[in-house]
Each structure stands twice: as C-alpha cells, then as structure tokens.
Amino acid sequence: MAEQDVREPETEIAAPAAVPVHVGHDLNTQTQAADFGAWGTYITPAGADQARPILPYDPNRHRATIIVNGAAGNVWVGTAAQCQANPPVGGFLAAGQPGLQTVVENNQALYMIGDGTNSVKVTVLVERWDSPS
C-alpha cells in the first residue's frame with residue numbers, strides 16, 4: 001500500500017485582545033521644527049564695552065545660533081558674572097572666521113562683551129517652541 005500524506009489538523013489562533021493603557025501624567029511632545037524665529041544683531045565698540053544680554057532665559061527656546069563677524073576681534077560670552085569680570089571669562093568667540101556658527105541648545109541667559117579693542121558684529125538667531133496654552 002502506498003504511503004499517504006498525513007497533515008496535522010489546522011487550529012485557529014485568536015487575534016490578540018486590546019489592552020487598555022492608562023497614562024498617569026502629561027505627555028510632552030514637540031514638533032520637529034521650532035514655531036518661531038527671531039534675529040538680533042549687536043555691535044561691540046572699538047574700545048571699552050559693557051556686558052549685555054543677547055539671550056534671555058527662555059524655557060521655550062529650541063536653540064539659538066550665534067554668528068560673529070568682523071575683520072578681527074573677539075567677544076566673550078557667558079553668564080552676567082563671567083562677562084562682568086575683569087578680565088572677562090567664559091566662552092571666547094573669534095571674528096574673522098567666515099561661516100563659523102555657534103549653536104546654543106539650552107535655556108540659560110547668555111551675555112556678551114567685546115574684547116575692548118575691535119568693533120565686532122554679533123548676530124543671533126533664536127528658534128522657539130510655542131508657549132504652552
């Protein structure tokens with residue numbers, strides 16, 4: 001007698017049941033692009049300068065871009081205390097480097113002061129999330 005092909009009987013598998021999920025807190029989400037952008041330009045004098053704010057504290061800031069332009073010269077950036085120190089301390093951004101951009105990705109206030117010798121132009125682009133309602 002010839003062998004017969006023996007198959008297991010097929011059984012139905014039930015679809016997975018929906019499971020309820022409870023979220024017990026607010027879920028913060030943000031879009032990919034910032035909602036608003038604003039430009040500002042500051043010019044340091046070719047001589048004595050004073051610390052000045054270029055970015056206020058902003059909990060809705062996505063990021064800020066700082067561009068320093070000038071044939072020569074530098075600016076110091078940092079907290080108010082860092083820029084008011086004598087001599088200034090903090091971050092040091094040099095002019096005369098085309099295309100150099102510094103990105104700030106925090107909410108802290110940022111101040112700047114010129115080097116006391118050269119006039120430098122500092123341009124700031126601030127990108128912000130929409131304020132929560």
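Numbers for residues simply follow the sequence, beginning at 1.
Shortest non-hydrogen contact noted between T123 and T41 is OG1-OG1, 3.7 Å. The nearest pair of heavy atoms linking V89 to W76 is C-CE3, 4.0 Å. Listed here is the closest heavy atom pair of A95 and N69: CB-C, 4.0 Å. When all heavy atoms of A64 and L55 are compared, the pair lying nearest together is CB-CD1, 3.7 Å. Nearest heavy-atom pair, Y111 versus P53, reported as atom, atom and distance to 0.1 Å: CD2-N, 3.5 Å. Scanning both residues, R52 and T44, for their nearest heavy atoms gives NH2-CA, 4.0 Å.
In this structure, V104 and R63 have side chains that are not in contact, with every pair of non-hydrogen atoms separated by 4.5 Å or more. At a threshold of 4.5 Å between non-hydrogen side-chain atoms, the residues V126 and R61 count as touching. Inter-residue side-chain proximity for I43 and S119 is flagged as met; some heavy-atom pair is nearer than 4.5 Å. With a 4.5 Å cut-off on side-chain heavy atoms, N107 and D58 do not count as touching. Contact check for W39 versus V124: no side-chain heavy atoms found under the 4.5 Å cut-off.
When hydrophobic clusters are built by joining Ile, Leu, Val, Met, Phe, Trp and Tyr residues whose side-chain heavy atoms come closer than 4.5 Å, directly or via intermediates, I113 is not grouped with Y42. V122 and I67 sit in two unconnected hydrophobic clusters of ILVMFWY residues. Membership requires side-chain heavy atoms under 4.5 Å apart, directly or through other members.
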Report task. Give the C-alpha distance, both sets of side-chain angles, the deciding distance and a yes or no for side chain to side chain contact (heavy atoms under 4.5 Å, CB included) between V120 and V68. Result -> CA-CA 7 Å; V120 176; V68 181; 3.3 Å; yes
Report task. Could you go through the side chain to side chain contact (heavy atoms under 4.5 Å, CB included) check for Q108 and T79 one step at a time? Result -> CA-CA 8 Å; Q108 178 180 329; T79 65; 3.3 Å; yes
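Each of L125, T65, I66 was compared with V103 under the side-chain contact (heavy atoms from CB on, under 4.5 Å) criterion, and only T65 meets it.
Other residues, nucleotides and ligands contribute at most 12 non-hydrogen atoms within 6.0 Å of the CD atom of Q50.
Scanning for ring pair (Phe, Tyr, Trp, His ring centres under 6.0 Å) contacts around Y57 gives an empty result, with sequence neighbours left out.
With hydrogens and angles disregarded, a donor-acceptor distance shorter than 3.5 Å links the side chain of D115 to the backbone of N74.
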